Student: 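Sharing a structure here in structure tokens format.
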Amino acid sequence: MGERMCEGESDSSGDRAVSSELAGVLPVEYVAFHSQHHSAYLRYAHLQLGGRQGAVAVVDDVFTFLLKVWPQALREENLHAFAWAVLREHVERWLAVLDRPVAMVETAWFAALRRTSRKRLELLESKLGLYAAIAELPERHYDVVLLTFLEGLEGETVAQLMGISPATVRSHIRGARRTLARKIGLDVAPGEEKDQ
């Protein structure tokens with residue numbers, strides 16, 4: 001299956017900065033956007049695809065496409081939402097070519113397994129069910145849960161990456177919690193429904 005990264009772990013070999021030679025000829029806004037989003041896009045693609053090579057290839061394709069359409073992308077009502085949609089589309093296309101579902105369940109479970117001891121293995125087994133339930137969430141809830149809980153990003157960062165408001169992030173988290181609680185039979189604690 002290839003090399004794997006842990007939840008929230010950055011892979012410096014795949015996290016490429018724009019070289020200083022290219023930075024001088026590329027649009028300044030593009031270079032800044034690349035620098036701010038490349039690492040998070042790479043981690044997201046890795047969780048989806050399950051391997052570093054595929055994730056690097058997809059994210060390179062995303063940023064190549066964004067560079068080609070950069071003037072038009074800047075005219076979009078929401079650049080971040082546009083770029084996030086491009087990332088999702090490229091990941092989905094890659095999965096279709098591979099003829100396989102998202103690898104998030106096995107990727108996240110493997111990362112958790114590497115961090116656990118034998119005593120915690122039973123608890124980890126319950127995480128497998130949770131990851132499977134997360135994989136079945138609606139698209140927006142799925143992305144927010146993945147970025148917030150598996151990648152450990154703050155709500156403001158998730159909002160910026162996806163091009164949505166922090167209130168929308170909180171709303172998606174509440175909706176996802178309700179759905180997950182129903183699917184895996186957990187009670188939602190009082191107060192968890194409120195904005196965090």
Side-chain angles (χ1 to χ4, degrees), residues 5-10 15 28-49 55 58-59 62-63 65-66 69-93 95 102-105 107-108 111-112 126-127 129-196:
M5 293 186 293
C6 291
E7 296 169 23
E9 182 178 301
S10 179
D15 186 15
V28 174
E29 299 91 352
Y30 172 83
V31 173
F33 186 88
H34 184 281
S35 296
Q36 291 173 347
H37 294 81
H38 189 271
S39 180
Y41 280 22
L42 186 62
R43 288 190 311 269
Y44 177 85
H46 182 268
L47 271 173
Q48 301 291 64
L49 301 172
V58 165
V59 172
V62 166
F63 280 102
F65 174 81
L66 288 174
V69 300
W70 191 248
Q72 295 89 347
L74 288 175
R75 289 193 294 271
E76 288 288 327
E77 184 177 325
N78 186 325
L79 172 63
H80 296 282
F82 173 76
W84 188 259
V86 169
L87 173 63
R88 280 196 122 268
E89 181 181 314
H90 278 73
V91 166
E92 288 169 9
R93 192 175 308 138
L95 287 168
V102 295
M104 184 278 298
V105 175
T107 305
S126 68
K127 275 190 171 184
L130 174 61
Y131 295 148
I134 289 170
E136 295 176 4
L137 288 171
E139 180 179 299
R140 289 291 185 140
H141 290 180
Y142 173 82
D143 286 348
V144 167
V145 167
L146 202 74
L147 294 170
T148 304
F149 297 107
L150 296 181
E151 290 297 325
L153 300 178
E154 295 293 324
E156 295 281 334
T157 304
V158 172
Q160 180 191 20
L161 273 173
M162 293 180 64
I164 57 179
S165 72
T168 302
V169 169
R170 291 188 299 272
S171 175
H172 288 325
I173 288 172
R174 284 192 309 273
R177 281 184 173 155
R178 283 191 301 269
T179 301
L180 292 172
R182 270 193 320 274
K183 285 186 178 216
I184 60 177
L186 296 175
D187 292 325
V188 177
E192 276 193 24
E193 291 297 311
K194 295 180 182 165
D195 289 351
Q196 298 174 349

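Since the model is a prediction, treat every value here as computed from it, not as a measurement. Numbering of residues begins at 1 and proceeds along the displayed sequence. All heavy atoms count here, side chains included; hydrogens, waters and symmetry mates do not.
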Student: Could you pull out all residues at least two apart from E76 that satisfy salt bridge (charged side-chain N to carboxylate O under 4.0 Å, His left out)?
Tutor: none
Student: Under 6.0 Å between the ring centres of H80 and F33?
Tutor: yes
Student: Considering all heavy atoms of both residues, which atom of G163 and which atom of N78 are nearest to each other, and what is their separation?
Tutor: O-ND2, 2.6 Å
Student: The criterion is salt bridge (charged side-chain N to carboxylate O under 4.0 Å, His left out); which residues satisfy it with E89, sequence neighbours excluded?
Tutor: R93
Student: Between M162 and L147, is a side-chain contact (heavy atoms from CB on, under 4.5 Å) present by the stated rule, with each step listed?
Tutor: CA-CA 10 Å; M162 293 180 64; L147 294 170; 4.0 Å; yes
Student: Rounded to the nearest 0.5 Å, what's the gap from OH on Y142 to OG1 on T179? Could you check?
Tutor: 15.0 Å
Student: Could you list the residues that satisfy side-chain contact (heavy atoms from CB on, under 4.5 Å) with Q72, not counting sequence neighbours?
Tutor: V69, R75
Student: Hey, could you give me the CZ/CG distance between R43 and L153, rounded to the nearest 0.5 Å?
Tutor: 5.5 Å
Student: Could you state the interatomic distance from CG (L146) to CD1 (I134), rounded to the nearest 0.5 Å?
Tutor: 7.5 Å
Student: With sequence neighbours left out, what residues match Y41 under ring-ring contact (aromatic ring centres under 6.0 Å, His included)?
Tutor: H37, F63, W84
Student: Nearest 0.5 Å, what's the CH2-CD distance between W70 and E29?
Tutor: 7.0 Å
Student: Check side chain to side chain donor-acceptor pair (under 3.5 Å) between H90 and all other residues, then give those that pass, not counting sequence neighbours.
Tutor: none
Student: Side chains of L66 and F82: closer than 4.5 Å at any heavy-atom pair?
Tutor: yes
Student: Can you give me the closest heavy-atom contact between A45 and V59, atom names plus distance?
Tutor: CB-CG2, 3.9 Å
Student: Among V91, V58, L87, exactly one meets side-chain contact (heavy atoms from CB on, under 4.5 Å) together with Q48. Which residue is that?
Tutor: V91
Student: With H172, which of V158, I164, D143 fulfils side-chain contact (heavy atoms from CB on, under 4.5 Å)?
Tutor: I164
Student: May I have all residue pairs that pass side-chain hydrogen bond (donor to acceptor under 3.5 Å, both in side chains) and include part of residues 159-169, sequence neighbours excluded?
Tutor: S165-T168
Student: In chain order, what residues pass the side chain to side chain donor-acceptor pair (under 3.5 Å) check against R140, with sequence neighbours excluded?
Tutor: none
Student: Using the test side chain to side chain donor-acceptor pair (under 3.5 Å), find all partners of E92 that sit at least two apart in sequence or belong to another chain.
Tutor: R88
Student: Could you report the tightest heavy-atom contact between A176 and V145, atom names first, then the distance?
Tutor: CB-CG2, 3.4 Å
Student: Is a side-chain N or O of S35 found less than 3.5 angstrom from the main chain of V31, in a donor-acceptor match?
Tutor: yes
Student: Would you please name every residue forming a side-chain contact (heavy atoms from CB on, under 4.5 Å) with P166, sequence neighbours left out?
Tutor: E156, A159, R170
Student: Set out, in order, the CA-CA distance, both residues' side-chain angles and the distance that settles side-chain contact (heavy atoms from CB on, under 4.5 Å) for I173 and F149, then state yes or no.
Tutor: CA-CA 10 Å; I173 288 172; F149 297 107; 4.1 Å; yes
